[in-house]
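Notes to accompany the following structure.
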2 protein chains.
Amino acid sequence: MLRLSRKGQYGVRAMFEIARGHGNKPVPIKEIAERQAVSVAYLEQILNKLKNGGLIRSVKGPGGGYVLSKKPEDVSISAILNELEGPVAITSCLDPEEGCVRVDGCVTYMLWKSLGEKIDAFLRTVTLKNLLTGTLFKKADKRLKKSA
Amino acid sequence: MLRLSRKGQYGVRAMFEIARGHGNKPVPIKEIAERQAVSVAYLEQILNKLKNGGLIRSVKGPGGGYVLSKKPEDVSISAILNELEGPVAITSCLDPEEGCVRVDGCVTYMLWKSLGEKIDAFLRTVTLKNLLTGTLFKKADKRLKKSA
DNA sequence: AAAATACCTTAGTAAAATTGTCAAGTATTA
DNA sequence: TAATACTTGACAATTTTACTAAGGTATTTT
Ligand code: FES
Ligand code: FES
């Protein structure tokens, strides 16, 4: 349960590819598509949303492609998914665009609200930099000595 | 994003209703349906799964209904959703029944795995008892003095 | 025994969401 | 001006969701 759509998954992986090229040439969509095994046509939709959200910029013409708007360490997974699929909303009641009439008296409202906040808090701590370096948990990694 | 299906939501709310009657008479499905505004026919499917999962027992005939198999404090939200929709699996790669061939070399595998674990860890800490008493966070509540 | 209560199970289905494809652009550079 | 590369909107296939319907089984009360 609680699946993330492919669009969201592709979006994160595409952002990873663009982050890889950060500081170098723009990354053309064709390259992203090949490396991540996603169709160019579908990626176009996804990158378009991310562009409109201000996370990436595009450079047209030969030698063009996509570039990060910010440094990899300043782009969180939360920001990416937020742009592609809106904010975390476990139930429609928690969705700003839908809402719920009987919030009061609902026994589960706080439950889903809390869960959503936990999820987003986690996703805000993970950035493209973490994906690039493979260090998902900085602190945890430092603390590890021999693990198990 | 990351929506929980209505089935899951109804399941939790139904379990709440059954938990309310814990220690008293069995709770008939009709009563659950009315209190939570869900059709009897749909609830039947849901409660059936929960029964097969061993979370509740059923009593047939007049005066019958559904009863919790365990005490409310021993039934976690995780257990309920697990029965209805399987384990948390942010992506198909994390789903035991599907899996993924290219786990190695995938930059996001650990990300989704970690997120899933965080989510389930939280859902395991919340029980029907918490919903009944309205104390979602025991520790947090105790620490609170005046809050903000 | 018969009637009433209440759970049990499977099948089917309409609507919505997902996951794309396709086509016809626009902008930039070599 | 030819080639590269992004832009946009429409649309179609598939899958999932969220149910409804119908008939059956088990238990108790009268
Ligand atoms: S029904 Fe909307 S908050 Fe629970
Ligand atoms: S593609 Fe399966 S783990 Fe990333």
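Chain letters run A, B, ... following the sequence lines, proteins first, then strands; residues in each count from 1.
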For the pair made of OH in B:Y42 and C1' in C:dA15, what is the distance, rounded to whole Å? 13 Å
Would you kindly compare B:L4 and A:L47 by the position of their nearest DNA chain D nucleotide and give the one closer to the 5′ end? A:L47
Taking 4.0 Å as the cut-off, does a side-chain nitrogen or oxygen of A:S5 come that near to OP1 or OP2 on C:dA17? no
Gap between atoms CG and C1', on A:L43 and D:dT7 respectively (whole Å): 14 Å
When we call it a touch if two heavy atoms are under 4.0 Å apart, what does A:I29 touch: a base, just sugar-phosphate, or nothing? sugar-phosphate
Length of the NZ-C1' vector between A:K49 and D:dT7, whole Å: 15 Å
In whole angstroms, how far is the C1' atom of D:dA18 from the CG atom of B:L84? 14 Å
A:E44 (side chain) and D:dC6 (base): donor-acceptor pair under 3.5 Å: no
Validation row: B:V67, B:V59 side chains within 4.5 angstrom (heavy atoms): yes
Where is the tightest heavy-atom contact between A:I90 and B:Q9, given as atom of each residue plus distance? O-NE2, 4.4 Å
A:E97 CD to C:dA17 C1', in whole Å, measures 15 Å
If you find the nucleotide of DNA chain C closest to A:V38 and the one closest to A:V59, which residue's nucleotide is nearer the 5' end? A:V38
Rounding to an integer number of Å, can you tell me how far A:I46 CD1 sits from D:dT7 P? 14 Å
Looking at B:E98, I want to see if its CD is surrounded by more than 12 non-hydrogen atoms of other residues, nucleotides or ligands under 6.0 Å. yes
Are the charged groups of B:D74 and B:K129 less than 4.0 angstrom apart, N to O? no
Per A:Y66 side chain, nearest of listed nucleotides C:dT19, D:dT7, C:dT9: D:dT7
For a quick check of understanding: with a heavy-atom distance under 4.0 Å over all strands, which category does A:K51 fall into, base, sugar-phosphate or nothing? sugar-phosphate
Please determine whether a side-chain nitrogen or oxygen atom of A:N48 lies at a distance below 4.0 Å from atom OP1 or OP2 of D:dT8. yes
Please confirm whether any donor atom in the side chain of B:E85 sits under 3.5 Å from an acceptor in the base of D:dT17, or the reverse. no
Does OP1 or OP2 of D:dA5 have a side-chain N or O of A:S58 closer than 4.0 Å? no
Report yes if at least one side-chain N or O of A:Y10 is closer than 4.0 Å to OP1 or OP2 of C:dT18; otherwise report no. no
Would you please confirm or rule out a distance under 4.0 Å between OP1 or OP2 of C:dG20 and any side-chain N or O of A:R6? yes
Below 4.5 Å, heavy atoms only, C-beta onward: do B:N130 and B:T127 meet side chain to side chain? yes
Spacing between B:E98 atom CD and D:dT15 atom P, to the nearest angstrom: 12 Å
Is there a side-chain polar atom (N or O) of A:K60 under 4.0 Å from OP1 or OP2 of D:dT4? no
Atom pair distance, as rounded to whole Å: CD in B:Q45 and P in C:dC7: 15 Å
